[in-house]
Amino acid sequence: MAERRVQSTVRAGDVVYVGPAASPQFSAGNGFRFRAIRTHHWTTSWEGWAWLDGYQLNAAGDAVERRSIYVDLMRLPPAALPPKLQR
C-alpha cells in the first residue's frame, strides 16, 4: 500500500467546501462552506486527516456557527465566495 503524505493546504482565512467526500460525518445534507481559522497539527490515526477550527458560512458568506471539524484534507475543494465578498 502506498504511503499517503499530506501537507495541509488549508490556512487561516481559506474557504473550503465540506461535504460527504471530506468526511462520512457530513454525508447527510448538501454540505457547507467553511472558513478556516486554524489547522491543528496533532498526530491522528488517519494519514492526511486533521482537525480544523473555523466558521460555517451561510449563502451570503456570513459566519453562522463556530465549529471544529475532522476532515480529509485532500478532499476539501476550495469554495467560491458570493460575488460581493470576492476581492
Side-chain angles (χ1 to χ4, degrees):
M1 179 187 277
E3 188 173 322
R4 185 174 171 200
R5 296 210 179 263
V6 176
Q7 291 286 6
S8 173
T9 57
V10 179
R11 297 186 181 121
D14 287 352
V15 177
V16 294
Y17 174 76
V18 179
S23 176
Q25 66 182 327
F26 304 114
S27 60
N30 296 327
F32 56 91
R33 288 180 300 152
F34 183 82
R35 182 183 309 277
I37 57 174
R38 177 181 313 130
T39 300
H40 293 281
H41 297 286
W42 301 325
T43 302
T44 65
S45 56
W46 296 97
E47 183 73 30
W49 288 64
W51 283 96
L52 302 178
D53 290 339
Y55 295 95
Q56 183 172 336
L57 305 178
N58 64 14
D62 300 319
V64 293
E65 183 178 351
R66 177 143 181 196
R67 298 182 74 163
S68 291
I69 60 175
Y70 186 60
V71 293
D72 182 346
L73 296 174
M74 294 291 289
R75 297 179 183 262
L76 282 175
L81 289 172
K84 70 175 185 146
L85 298 177
Q86 292 180 0
R87 296 177 191 179

Next item on the list: Please report the shortest heavy-atom distance between Ala36 and Val10, naming the atom on each side.
Entry: CB-CG1, 3.6 Å
Next item on the list: Taking all non-hydrogen atoms of both residues into account, name the closest pair between Ser68 and Trp51 and its distance.
Entry: O-CZ3, 3.9 Å
Check: So, for Gly13 and Arg35, which heavy atoms are closest and what is the spacing to 0.1 Å?
Finding: O-NH1, 3.4 Å
Item checked: Taking every non-hydrogen atom, the tightest pair across Leu76 and Leu52 -> CD1-CD1, 3.8 Å
Notebook entry, point to check: Between Arg67 (side chain) and Asp53 (backbone), is there a donor-acceptor pair under 3.5 Å?
Noted result: no
Margin query: Please determine whether residues Phe32 and Leu73 belong to a single hydrophobic cluster, defined as Ile, Leu, Val, Met, Phe, Trp and Tyr linked transitively by side-chain heavy-atom distances below 4.5 Å.
Written below: yes
Checklist line | pair Phe26-Ile69: side-chain heavy atoms closer than 4.5 Å | finding: yes
Check: Going through the distances and angles, do Val18 and Gln56 end up as a side-chain contact (heavy atoms from CB on, under 4.5 Å)?
Finding: CA-CA 9 Å; Val18 179; Gln56 183 172 336; over 6 Å; no
Item checked: Heavy-atom closest contact (Arg33 atom, Ala60 atom, distance) -> NH2-N, 4.2 Å
Checklist line | Nearest heavy-atom neighbours spanning Ala50 and His40 | finding: CB-O, 4.0 Å
